[in-house]
Every structure is written in structure tokens, then in C-alpha cells.
Amino acid sequence: MARRHLSAERPGRGAEFAYDEARHRVAYLYARELARGLDVLDAGCGEGFNTVLLADTAAHVLGVDYAEAPVAAARAAFPRPNLEFRQLDVHTLPEAADIRVDLVTNFQVIEHLADPVRFLSAVREALRVGGRLLLTTPNRLTSVSENPVHLREYTADELATMLRPIFSRVELGSVVGSARVHAFDDERRRQVQRILRLDPLGLRHYLPTGLMHFAFAHLGAMVRRRVGDVAEDTRAITLADFEVVMESRPDALDLVAICHR
């Protein structure tokens, strides 16, 4: 399973990434309440910095990722009796008879996947009857710029159309931000457009993949620093500036779906 090239869920990338870390973490805090007393699978756990939040309330949490290195880091960093990390390709979940859970969390992953329907069908098989999948993915309508590591971004209608044949019931929600968050995004959009004007022929699309990802990561950090210099108030963005609401809103930063088996 593909992972984010630049993991916004990992703390320590610098003050300019406070926005990204908070936006990602708010979904885990929402999931922490849903997870109370349940067996939980975090599909795409990365280095586990947010997966550990689920263990505050869940009976048991299993974090899985396709790569061994982040899983090993998570095991070393977060030893808890009710928290386990395992290297696993989630497409093999139907064959993993020991993995049956009440809640699957899957945050900011499906936009990276070439075959999300296969992935979602595999996740469904890991759910007990009555179980739920909670996922988030960026809202294409509010994305600030193109992202070369995203294979596809979705609108709320497109996401629902993909999910409803797989699950018995789908509820759509939104990650929304404060006025300070919107100011950050408005200025970030302006900075990105300034950079893209330097490539009017779209030559960036012909760069080797590795070089494109490298450039995207470093330009992303530069843009965030510039935003902080221009709109200083955005440097103070925290978790309190984000909220998960269970209604589909056009200003959603991220789409949220609760899918029932």
C-alpha cells in the first residue's frame, strides 16, 4: 500500500508544518472516541505517532503499514500492552483470519492508491458484522495545489459513489477549519500560483518521479515558511483550529466517511 511521501502525521518537521500535523491529528482524536472499548485496526499507521492515541480508549489497537521500517520505529517508540504494530499489505486482510476488528481507521491514504476499490473491499473483510470504517481523504474542490504523490483526489459525491457498493451504509462528514486556517490556505494558494507561473509549459510533469517528489517536498516547506512570514497569525494554528463534523460541507478540507458493514 502506498504511503504519503511527506508524512504530515510525523511531528518534528518544523513549525511550518504545524497546520498539517494538526489537520491530520484531529481525525485521530475524533476516532479515539469511536474506538472506546473496541478492537481497532489502523490501516496505514506510518510511524504510529497518532495510532497511539487510539490506544488511550480502545481495548486493542493493531497498526499496520506496508513497510517494515516505520512499523519497527512504531514498535520501539510506543510499547503499550494494548497496542501492536505489524508489517502487512492490507490487500491480504481477507486471508488474515486473526484480524477481525470493530473499527478500521484509514486516514489520508486512498488518494495514493491505484486500486482503492480492492483496498476498501479488503478492509471490509476485516470488519466484524456491525463494524465501521472511518476514513479521510483530501477534498479535491478545496485542494490548494496539485500534489504529485496523489494518484486521485475526490469530491464528496465521487467518494460516496465508490463506497456505497461496498458497504451497507455510508455517512459523509468533513474536516473543517477556522478563519485562521482559511487564511493560511488562501496565502498558500497564492504562493503556489507564483511558483507555478515559472513553469508555464508544465515541464514539471515530465520530471522523473523521484525528482518530482523531492522537489515537491522541499517546495512545500518553502511555501509554508513564506505563508508564515506573510500571514504571521497562521503560525499559531493548533488542533483547536480544526474540527470533524458529520455533515458534508463544500468547504471541507478533508472528506470524512463512516462506512458500516
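All values below were derived from every heavy atom in this structure, side-chain atoms included, with hydrogens, water molecules and symmetry-related copies excluded.
- Membership of the apolar cluster around Val176 extends to Val245, as traced through chained side-chain contacts below 4.5 Å between ILVMFWY residues.
- Between the Arg261 side chain and the Val129 main chain, no donor and acceptor come within less than 3.5 Å of each other.
- With sequence neighbours left out, the side chain to side chain contact (heavy atoms under 4.5 Å, CB included) criterion links Thr57 to Arg32, Ala35, Arg36.
- Take Asp115 and apply the salt bridge (charged side-chain N to carboxylate O under 4.0 Å, His left out) test, not counting sequence neighbours, and it matches no residue.
- Legend: residues meeting salt bridge (charged side-chain N to carboxylate O under 4.0 Å, His left out) with Glu171, ordered by chain and number and at least two apart, are Arg169.
- In this structure Arg75 satisfies the side chain to side chain contact (heavy atoms under 4.5 Å, CB included) test together with Glu68, Val71, Ala72, Phe85, sequence neighbours excluded.
- Counting only heavy atoms from C-beta outward, the side chains of Val170 and Ile258 never approach each other to under 4.5 Å.
- Note on residues 162-182: no pairs pass ring-ring contact (aromatic ring centres under 6.0 Å, His included), not counting sequence neighbours.
- Legend: residues meeting side chain to side chain contact (heavy atoms under 4.5 Å, CB included) with Ala31, ordered by chain and number and at least two apart, are Leu54, Thr105, Phe107, Leu134.
- Residues satisfying the salt bridge (charged side-chain N to carboxylate O under 4.0 Å, His left out) criterion with Glu95, sequence neighbours excluded, are absent altogether.
- Partners of Ala76 under the side chain to side chain contact (heavy atoms under 4.5 Å, CB included) rule, at least two apart in sequence or in another chain, do not exist in this structure.
- No donor-acceptor pair closer than 3.5 Å links the side chain of Arg132 to the backbone N or O of Cys259.
- In this structure Phe78 satisfies the ring-ring contact (aromatic ring centres under 6.0 Å, His included) test together with Phe49, sequence neighbours excluded.
- You'll find the side chain of Leu127 reaches within 4.5 Å of the side chain of Val104, heavy atoms only.
- Looking at residues two or more places apart in sequence or on another chain, you find no salt bridge (charged side-chain N to carboxylate O under 4.0 Å, His left out) involving Arg124.
- Between Asp42 atom CG and Leu62 atom CG the span is 9.0 Å, to the nearest 0.5 Å.
- None of Leu88, Leu93, Val61, Leu133 except one satisfies the side chain to side chain contact (heavy atoms under 4.5 Å, CB included) rule with Leu41; the exception is Leu93.
- Phe242 is linked by a ring-ring contact (aromatic ring centres under 6.0 Å, His included) to Tyr19, counting only residues two or more places apart in sequence or in another chain.
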